[in-house]
Amino acid sequence: MDPIKVDFSKKGGSAGNGEIVIPPERAALKIVISLVLTVIFAGAAFYFMLPAINFKSYDFYLYIGLVAASFVVFNGLLNNVLAKPEYVPYVKKHARVSVAIILVLLLAVGIGYLVSCQFFRASDYAKIISVRTDGKFSEEIPEQDAASFSSIPRLDEDSAKQIASRALGELAEKGYVSQYSVYNENTQINYKGEPVRVVPLQYENIIKWFFNTKNGFPGYVIVNMANESAEFVTLEENNIKYSPAEHFGKLLQRRLRFAFPTALFADATFEIDDNGVPYWICARLDKTIGLFGGTDVIGAVVVRADSPEFEYNTYNMEEIKNDPELQWIDRIYDSDLIVEQYDYYGKYQNGFWNSILGQKNVIKTTTGYNYIAKDDDVWMYTGITSVTSDQSITGFALVNQRTKEANFYRVTGGTEYSAQLAAEGRVKDLGYTATFPLLLNIGGKPTYFLSLKDVTNGSDIVQQYALINVEQYNNNNMGANGTNLSKCLETYINALKSTGVKVDIDPSEIVDPEKNENPNTPAVETLTATGVVADIRTAVKGGESYYYIKLDSNNAYFAISASKDETVVILNKGANVTITYSGSGAIIEADSIKIN
């Protein structure tokens with residue numbers, strides 16, 4: 001083995017800790033190459049990581065740390081330190097700058113965390129959202145009438161996705177079903193006075209992206225949450241070219257980062273204006289407490305989704321709140337951000353130590369939230385409960401998703417989860433799953449409205465509805481359910497009237513989707529089934545007797561109440577009957593029964 005020649009005259013020497021520094025051959029060139037590779041890595045890392053060049057972003061510190069570390073890695077690889085450990089001291093010596101940068105970053109993050117820490121800044125966290133607490137539920141939440149009851153959302157997000165997928169599937173002749181699927185995220189908005197979810201598209205897979213990205217997405221789906229219908233809207237002039245479902249240069253987040261390198265953004269939401277023009281609403285964020293704490297919205301970038309160019313406008317919060325031309329924007333504040341801020345408010349009103357020890361007046365949001373249409377805006381609502389109780393609520397919080405106006409309404413009763421259990425218990429034999437409830441004002445009484453879904457085989461089909469009194473959720477007589485919403489409401493109104501509550505709603509005026517009274521709902525075909533009665537089951541729901549009939553010619557059960565057709569009362573197994581119905585599923589509501 002040839003001896004190693006060490007030249008201490010220029011490059012070598014001591015590392016200062018007793019180690020002998022042996023410079024490799026062409027050391028200067030390898031340093032230059034390492035720097036070039038580091039610059040290339042920095043560009044590639046920025047392209048894919050998309051960090052905000054902002055000291056208030058954790059990702060920024062991670063990005064700089066990775067770039068600094070990459071120089072050490074490249075220098076070590078070029079000097080082949082794994083095979084030649086005698087060069088390790090040399091690489092360590094030239095890693096000092098990178099190590100120093102990483103240590104400074106860690107120190108900055110540590111200091112930033114401390115100055116943002118809830119322990120030191122509890123009062124600031126409590127003030128991040130302003131809550132009005134003297135609201136009167138019966139006075140400020142509009143009481144339901146027949147018209148408003150006909151337009152309440154009857155679907156949850158999962159059911160909306162199922163209906164949106166089916167709407168896309170109906171366009172198979174255009175090839176959409178094989179190329180696109182519905183995007184995982186969608187937004188509930190008010191559109192022309194109706195609660196709808198607007199659902200953008202995504203590519204079915206990376207191969208479909210390769211063949212279709214040039215044209216983009218041909219449209220979007222509107223799901224009417226009230227009449228349970230869906231419509232695919234085909235864009236007439238330009239397709240959607242920039243989206244969170246795109247890749248590379250068309251990825252929405254990448255275009256935003258290149259246009260706004262220092263800005264902090266929330267996840268983009270998809271909305272349409274009053275003319276059906278699609279936009280991406282990209283809320284701009286800031287850290288308002290210390291360096292990393294108190295995330296809040298300071299404005300938005302509104303991107304025209306169907307523009308062939310990356311067309312956008314920026315607005316601050318005052319413009320969004322007060323400009324009449326921007327009133328169509330329904331969601332600026334993300335629901336999870338609102339819940340986070342409200343929990344800070346409820347936790348730290350009386351200081352940090354009270355939140356842990358005494359916990360006097362410490363409150364928190366319940367698990368889950370839903371949306372209410374009020375004053376042509378979308379309001380997120382959630383129950384509020386004491387930290388020492390998880391079975392009952394002290395009231396409700398309503399927060400405007402466009403302005404962050406927050407109101408608290410004091411109401412005692414069961415949590416939303418308790419209402420779900422109560423609703424499912426009323427149809428225990430059917431195994432339906434209750435949606436997260438919607439909060440209504442019926443006769444001045446806070447009432448949970450829920451849909452009951454058949455989720456077998458991933459169908460997510462709404463089969464029944466339920467109304468549960470918030471204050472008397474555990475009283476079986478103060479709730480109602482049924483396959484027909486108007487009948488369900490009628491039963492609930494009768495229960496309220498029995499306690500002296502006056503309700504000014506005529507249930508017969510309620511528009512039910514299955515009755516096809518809404519002009520936007522596709523026609524429902526009336527069908528008949530003839531056969532021998534193989535099985536009859538009964539159940540009492542909301543004080544009314546229901547009969548479930550299975551024919552030997554059909555696998556489904558046909559449900560009908562005695563009040564709808566008294567013939568069912570005298571029906572026996574073995575009888576030959578003809579049943580008229582509309583719809584499909586494991587349990588189908590029957591319209592009439594005739595004994596042959």
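Just the heavy atoms: all of them, side chains too, but no hydrogens, waters or symmetry mates, feed the values below. Along the sequence shown, residues are numbered consecutively beginning with 1.
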Could you check if a side-chain atom of [X] sits within less than 4.5 angstrom of a side-chain atom of [Y], using non-hydrogen atoms only?
| X | Y | value |
| --- | --- | --- |
| Lys364 | Thr385 | yes |
| Pro507 | Tyr492 | no |
| Phe137 | Leu439 | yes |

* To do: Starting from the C-alpha separation in whole Å, work towards a yes-or-no answer on side chain to side chain contact (heavy atoms under 4.5 Å, CB included) for Ile587 and Gln464.
  => CA-CA 10 Å; Ile587 297 177; Gln464 291 193 19; 5.9 Å; no
* Apply side-chain hydrogen bond (donor to acceptor under 3.5 Å, both in side chains) to the pair Asp145 and Ser148, showing each step before the final yes or no. => CA-CA 5 Å; Asp145 56 18; Ser148 62; 2.8 Å; yes
Assess the side chains of [X] and [Y]: does a donor N or O sit below 3.5 Å from an acceptor N or O?
| X | Y | value |
| --- | --- | --- |
| Asp343 | Thr365 | yes |
| Gln202 | Trp209 | no |
| Asp535 | Tyr548 | no |
| Tyr191 | Asn224 | no |
| Thr578 | Asn596 | yes |

Does [Y] offer a backbone N or O that forms a donor-acceptor pair with the side chain of [X] under 3.5 Å?
| X | Y | answer |
| --- | --- | --- |
| Glu424 | Ala434 | yes |
| Thr447 | Leu467 | no |
| Asp306 | Glu237 | no |
| Asp506 | Ser508 | yes |
| Arg426 | Asn476 | yes |
| Thr394 | Ile384 | yes |
| Thr133 | Phe408 | no |
| Asn239 | Asn215 | yes |
| Asn441 | Ile141 | yes |
| Thr580 | Ser592 | yes |

* Does the side-chain hydrogen bond (donor to acceptor under 3.5 Å, both in side chains) test come out yes or no for Tyr333 and Asn400, once each step is laid out? -> CA-CA 8 Å; Tyr333 289 88; Asn400 189 311; over 6 Å; no
* To do: If the plane angle is over 60° it's perpendicular, under 30° parallel, otherwise tilted; pick one for Tyr381 and Phe396.
  =>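 Perpendicular: the ring planes of Tyr381 and Phe396 meet at over 60°.
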* To do: Take the angle between the ring planes of Tyr203 and Tyr180 and call it parallel below 30°, perpendicular above 60°, tilted in between.
  => tilted
* Taking NZ, NE, NH1 and NH2 as the nitrogens, is one of them in Arg537 or Asp429 under 4.0 Å from a carboxylate oxygen of the other? ->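 Looking at Arg537 and Asp429, the cut-off is not met.
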* Taking 4.0 angstrom as the limit, do Lys374 and Glu405 come out as a salt bridge? -> no
* To do: Please step through side chain to side chain contact (heavy atoms under 4.5 Å, CB included) for the pair Ile493 and Lys497, ending with a clear verdict.
  => CA-CA 6 Å; Ile493 289 175; Lys497 287 181 177 179; 3.5 Å; yes
* To do: Go through the steps to decide whether Met380 and Val339 satisfy the test side chain to side chain contact (heavy atoms under 4.5 Å, CB included), and finish with yes or no.
  => CA-CA 9 Å; Met380 189 212 82; Val339 168; 4.0 Å; yes
* Asked: So with a 6.0 Å cut-off around NZ of Lys445, is the heavy-atom count from everything else above 12?
  -> no
* Is the Trp379-Tyr371 ring centre distance short of 6.0 angstrom? ->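 No, they do not, as the ring centres are separated by 6.0 Å or more.
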* Near-ring test Tyr220/Phe270, centroid separation under 6.0 angstrom ->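 Ring centroids of Phe270 and Tyr220 are less than 6.0 Å from each other.
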* Apply side-chain hydrogen bond (donor to acceptor under 3.5 Å, both in side chains) to the pair Arg331 and Gln188, showing each step before the final yes or no. => CA-CA 9 Å; Arg331 177 174 165 173; Gln188 182 169 323; over 6 Å; no
* Evaluate side-chain hydrogen bond (donor to acceptor under 3.5 Å, both in side chains) for Tyr409 paired with Glu140, printing each intermediate quantity in order. => CA-CA 9 Å; Tyr409 301 96; Glu140 297 183 17; 2.8 Å; yes
* Qualifying residue for side-chain hydrogen bond (donor to acceptor under 3.5 Å, both in side chains) with Arg197, from Asn186, Thr187, Asp156 ->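 Answer to the side-chain hydrogen bond (donor to acceptor under 3.5 Å, both in side chains) test with Arg197 among Asn186, Thr187, Asp156: Asn186.
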* Going through the checks in order, is the side chain to side chain contact (heavy atoms under 4.5 Å, CB included) test met by Gln420 and Tyr448? -> CA-CA 9 Å; Gln420 288 176 287; Tyr448 288 127; over 6 Å; no
